[in-house]
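Heads up, the thing below is written out as structure tokens.
Proteins get letters first, then strands, A, B, ... in listed order; numbering begins at 1 in each.
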Amino acid sequence: MATDEQKKANRLRLTELSLLSLSTSTWDILGETAFSFSGPMGRKILNIMEQEMGLEIAGEDPKDVMMEISRIFVDEFGFASDIEVREAGDGNFEVRVRNCVNRGLTDKLMAAGVEKPFICPIMNACQAALRRMDFKMQKDVEKWVDGNGSIIRFTQV
Amino acid sequence: MATEEEKKRNLARINAMIIYGLEKGLWDLFGESALATTNTVGQGMLEILEKSMGLEIAGEDPQDILTEIGRIFVDEFGIATDFDIQKDDDDVNFDVKNCVLMHVEKDLLAEGIQPFMCPYLNIAVAAMRKRMGTKARISKIDVDTENHACALQFQML
């Protein structure tokens, strides 16, 4: 019988496999339209952050909100070693995720034909927050090889 | 800042939220036809059980295979505290207690969505398909959230 630690590791593997298979199936069926699924995921994560981790959105500056979301992902979820939020001119933003815990999963998704990691929780939570603040922005995410993570870009529509 | 244990738990929650988002999205688009995605998911998960957990399919009695799947879920994954699975002619019935995915299922059920990504169903269907060469139809997903128990069934076609 597995130890508790082994069980946790096994469960994580199984969950990752569920994610990999389900995401790949979704992308196979929908292609880039799969991004339409990002909204419910992002809103759910945002709700948890607001209810349990003190995230405030109303009346706050969008960069400050994304920085706080990023801090929560690092400090409360251990999702990355560091996440930097930069203003990229013209009201656009860039989020640099270093040493992302899902880098391996994302590489597997890309190898399976999923061109964009539409399930990225950081991208989806940030976009849900921007939408709540009435910022209509397009999102894009690319691999950041040097940072072992991703660069997420939000550009004004 | 969260402890390492809390981070692991929060990370598991993030993955559960992503799975929720994907299931909801597919169900909203396709309704019950979304169940078709479970074939790919189940196959992938079954491979892990065969390669890493010693599950044997070829030449084994179907009930023995199902019983072993149940044992692996409890002893190696700790996904549930109790798991009983019985094959009755073409019907395969599961009784699962205290599944760790119960909160995802609760959220899906609250939206009128059948939790079709249930790993037990998916893996067992894949195993029976491999062993007996027949297709299967998921016929029951009853989730008793108050008593943390699930009654599941699929039918061999």
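- Here A:Ile48 is the residue among A:Leu12, A:Thr24, A:Ile48 with the most heavy-atom pairs under 4.5 Å with chain B.
- Taking a 6.0 Å sphere around CD of A:Glu52, one finds it holds more than 12 heavy atoms contributed by other residues, nucleotides or ligands.
- For chain A, the nearby part of B:Ile48 is the side chain; its heavy atoms alone come within less than 4.5 Å.
- With a 4.5 angstrom heavy-atom cutoff, A:Leu30 touches chain B only via side-chain atoms.
- Listed by first and then second residue, the side chain to side chain donor-acceptor pair (under 3.5 Å) pairs involving residues 108-120 of chain A are A:Lys116-A:Asp140 (not counting sequence neighbours).
- More than 12 heavy atoms of other residues, nucleotides or ligands sit less than 6.0 Å from atom CG of B:Asp142.
- Hydrophobic clustering places B:Leu66 together with B:Met156 (ILVMFWY residues linked when any side-chain heavy atoms are closer than 4.5 Å, directly or through intermediates).
- Residue A:Gln138 qualifies as open at atom CD: its count of foreign heavy atoms under 6.0 Å is 12 or below.
- Per-residue heavy-atom pair counts under 4.5 Å with chain B were compared for A:Arg43, A:Glu76, A:Met41, and the maximum is reached by A:Glu76.
- For a residue to count as touching a neighbouring chain, one of its non-hydrogen atoms must lie under 4.5 Å from one of that chain's; by this rule A:Ser38 does not touch chain B.
- Using a 4.5 Å cut-off between heavy atoms, A:Leu20 makes no contact with chain B at all.
- Connection of B:Ile65 to B:Ile138 is established within a shared hydrophobic cluster, with ILVMFWY side chains joined at heavy-atom distances below 4.5 Å, either directly or through further cluster members.
- Annotation: maximal heavy-atom pairing with chain A below 4.5 Å, among B:Leu29, B:Ile72, B:Leu49, B:Asn122, occurs at B:Leu29.
- A single hydrophobic cluster is not seen to contain both A:Met110 and A:Val114; linkage of ILVMFWY side chains at heavy-atom distances under 4.5 Å, directly or through other members, places them apart.
- Note on B:Leu22, B:Asp28, B:Asn15: by heavy-atom pairs under 4.5 Å with chain A, the leading option is B:Leu22.
- The stretch residues 73-108 of chain B places B:Phe73, B:Val74, B:Asp75, B:Glu76, B:Phe77, B:Gly78, B:Ile79, B:Val100, B:Asp107 near chain A, each with some heavy atom under 4.5 Å from a heavy atom of that chain.
- Note on A:Thr15, A:Ile72, A:Ile45, A:Leu14: by heavy-atom pairs under 4.5 Å with chain B, the leading option is A:Leu14.
- Within the 4.5 angstrom heavy-atom criterion, only side-chain atoms of B:Glu5, from C-beta onward, approach chain A.
- Contacts of A:Leu105 with chain B are absent, with no heavy-atom separation under 4.5 Å from either backbone or side chain.
- When B:Ala16, B:Ala36, B:Ser52 are compared by the number of non-hydrogen pairs under 4.5 Å with chain A, B:Ser52 comes out ahead.
- Sparse packing is recorded around CD of A:Glu56, with 12 or fewer heavy atoms of other residues, nucleotides or ligands lying under 6.0 Å away.
- A single hydrophobic cluster is not seen to contain both A:Val141 and A:Ile151; linkage of ILVMFWY side chains at heavy-atom distances under 4.5 Å, directly or through other members, places them apart.
- Residue A:Met67 places its CE atom among 12 or fewer non-hydrogen atoms of other residues, nucleotides or ligands, all under 6.0 Å distant.
- The pair A:Glu5-A:Lys8 meets the salt-bridge criterion, with a side-chain N (NZ, NE, NH1 or NH2) lying under 4.0 Å from an Asp/Glu carboxylate O.
- A salt bridge does not link A:Arg98 to A:Glu84: none of the charged side-chain nitrogens sits closer than 4.0 Å to a carboxylate oxygen.
- In the hydrophobic clustering of ILVMFWY residues, with side-chain heavy atoms under 4.5 Å counting as a link, A:Trp27 and A:Ile29 come out together.
- By number of non-hydrogen pairs under 4.5 angstrom with chain B, the leading residue of A:Ser25, A:Gly39, A:Pro40, A:Ser36 is A:Ser25.
- Of the atoms belonging to B:Arg71, not a single heavy atom falls under 4.5 Å from chain A.
- Of all the listed residues (B:Lys24, B:Glu6, B:Met117, B:Glu4), the one sharing the greatest number of non-hydrogen pairs under 4.5 Å with chain A is B:Met117.
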